[in-house]
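I have placed the structure first, in the form of structure tokens, so that the comments after it can refer back to it.
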Amino acid sequence: MASSAIFNFLPSSSLSSLSFRNSRTQTPNFYKPLIVKASTSVDYSSSSLAGTSTKNNNWVWKYKDNSVNIYYEEHHKGSDEPCKNILMIPTISDVSTVEEWRSVAKDIAGRNGQVNYRTTIVDWPGLGYSDRPKLDYNADVMEKFLVDFINAPDSPVNNSDKDLVVFGGGHAATLAVRAAKKGLVKPTAIASIAPTWAGPLPIVFGRDSSMETRYGFLRGTLRAPAVGWMMYNVLVSNEKSITSQYKSHVYADPEKVTPYIIESRFALTKRQGARFVPAAFLTGLLDPVKSREEFVQLFAELEGKIPCLVLATAGSPKRSKAEMEALKEAKGVSKYVEVPGALLPQEEYPEIVAEQLYRFLQEIYEL
């Protein structure tokens, strides 16, 4: 292969990995960090959950000269009763998809409680079932999309009272916190599920000038018209690679990795333009920050302003777990919970994640 020399130093397993208010005006009273561990079993009473209805649609994102069709799903009880809005953002990866949040979205939207919830899941541009144009993807582009999706007058989650809670996984969580820190979005609360900030290659090999040069070469190769698809098929778009990725570090329990999951994710990697965002993600262009200190400081900026829950995972890869644990007693983190799972707990353990998120919502809206 023309660019094979660049991979002499790269373990193949690292290349396709996931990286590693209500209307009251008073300040919520739970900003002091609360650290708990979640149980691995959740007991639901038969009356706690109800059926939900689902709507699938597209929203057009106008970015420069591009009109990008963005796929999203809404889940709610189907009644005319008032609802609080929740936006769920998939973890950014080469196989990112709304599917990872679907069970959690249905669970929370279907609960019978004092407050009703409408849950919206959106696919990032260039990922999932959204369009995948050949943009120069970086963290600023993704942040711009998130800000536009939340604030646009025609957005599916835009509402007059600006009462929106954001749940995000991995890099998506950190991008949401970064946008909130800048004041570009003003959510009622944020939940960060297995939050990460460093792409697969930078978290393993660092960011010195030599490595950045190699990342740039790899990125250029993956974006190239012909050799890019060849390289992408070898590194990412094959069932063996995706299976290895899920069993080694995306899921904590390899037995939970079903053939359906692999087939579904493999199909996503075959969509037109599928390689452009992974080329940026793998090489660190989608990283919201450049260091652990910046990562922790992002959350610190939320102190006294926006309630923030961090769901860390017991079985996440060593380097990613170290970054999550840096948030354990960090300023701005009002509650820190450890749940089972690795880098995709919302998909691997949806009942447990949904329960913890629902408790967080109760603390916000039922004080």
Side-chain angles (χ1 to χ4, degrees), residues 1-20 71 90-100 123-134 137 169-171 196 198-205 214-286 316-317 319-320 341-344 347-348:
M1 191 171 288
S3 58
S4 60
I6 197 169
F7 301 110
N8 289 340
F9 63 95
L10 298 177
S12 61
S13 62
S14 71
L15 287 169
S16 60
S17 65
L18 285 160
S19 177
F20 334 120
Y71 177 82
T91 303
I92 294 177
S93 75
D94 46 282
V95 290
S96 174
T97 170
V98 294
E99 293 179 38
E100 73 185 54
D123 268 329
W124 292 96
L127 294 171
Y129 300 100
S130 292
D131 285 354
R132 302 179 177 212
K134 190 178 181 180
Y137 294 99
H171 272 45
T196 55
L201 299 186
I203 201 171
V204 175
F205 300 107
R214 298 185 184 192
Y215 299 157
F217 185 81
L218 171 60
R219 189 161 52 244
T221 302
L222 284 170
R223 288 175 60 90
V227 71
W229 270 116
M230 293 172 58
M231 185 71 71
Y232 182 69
N233 288 337
V234 170
L235 298 177
V236 177
S237 183
N238 64 83
E239 292 180 328
K240 183 177 179 180
S241 175
I242 295 170
T243 300
S244 174
Q245 167 183 340
Y246 268 78
K247 290 189 173 183
S248 65
H249 56 268
V250 177
Y251 275 27
D253 182 358
E255 297 300 316
K256 289 181 175 288
V257 182
T258 66
Y260 169 79
I261 291 173
I262 301 304
E263 292 168 7
S264 169
R265 304 313 185 258
F266 176 64
L268 289 174
T269 68
K270 294 302 182 184
R271 293 175 65 87
Q272 183 176 357
R275 71 193 189 278
F276 299 133
V277 169
F281 171 66
L282 294 171
T283 56
L285 274 189
L286 302 189
S316 54
R319 291 182 176 91
S320 297
L343 294 181
L344 214 57
E347 183 175 84
E348 187 179 4

Has the side chain of [X] got a donor or acceptor atom that lies under 3.5 Å from a matching backbone atom of [Y]?
X	Y	value
Asp253	Glu255	yes
Thr196	His171	yes
Thr221	Phe217	yes
Arg271	Gly128	yes

(request) Could you walk me through whether Ser96 and Trp124 pass side-chain contact (heavy atoms from CB on, under 4.5 Å), step by step? (result) CA-CA 8 Å; Ser96 174; Trp124 292 96; 4.1 Å; yes
(request) With side-chain contact (heavy atoms from CB on, under 4.5 Å) as the test, would you mind laying out the steps for Arg219 and Leu201 before giving the verdict? (result) CA-CA 11 Å; Arg219 189 161 52 244; Leu201 299 186; over 6 Å; no
Quick one: closest heavy-atom pair of [X] and [Y], and the distance?
X	Y	value
Asn233	Asn238	O-ND2, 2.9 Å
Arg319	Ile203	CD-O, 3.2 Å
Leu127	Pro278	CD2-CD, 4.5 Å
Gly284	Pro202	CA-CG, 3.7 Å

In the structure I gave you, are the side-chain heavy atoms of [X] and [Y] within less than 4.5 Å of one another anywhere?
X	Y	value
Leu222	Leu282	yes
Arg275	Leu235	no
Glu100	Thr91	yes
Tyr251	Ile261	yes
Asp94	Gln245	yes
Arg223	Lys134	yes
Ser320	Pro317	yes
Pro90	Asp123	yes

(message) Other residues, nucleotides and ligands only: do more than 12 of their heavy atoms fall within 6.0 Å of NZ on Lys240?
(response)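 No, not enclosed.
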(request) Applying side-chain contact (heavy atoms from CB on, under 4.5 Å) between Tyr246 and each of Glu348, Lys256, Glu347, report the one that passes. (result) Glu347
(request) Evaluate the side-chain contact (heavy atoms from CB on, under 4.5 Å) criterion for residues Tyr137 and Leu285: first the C-alpha distance (whole Å), next the side-chain angles of each, then the deciding distance (0.1 Å), finally the verdict. (result) CA-CA 7 Å; Tyr137 294 99; Leu285 274 189; over 6 Å; no
(message) Using 0.5 Å steps for rounding, measure from the CD1 atom of Ile242 to the CZ atom of Arg265.
(response) 9.5 Å
(request) To the nearest 0.5 angstrom, please state how far the OG atom of Ser130 sits from the OH atom of Tyr71. (result) 9.5 Å
(request) Might you work through the side-chain contact (heavy atoms from CB on, under 4.5 Å) test for His249 and Leu343, ending with a clear yes or no? (result) CA-CA 7 Å; His249 56 268; Leu343 294 181; 4.0 Å; yes
(message) Under 3.5 Å, is there a donor on one side chain and an acceptor on the other for Glu99 and Tyr129?
(response) yes
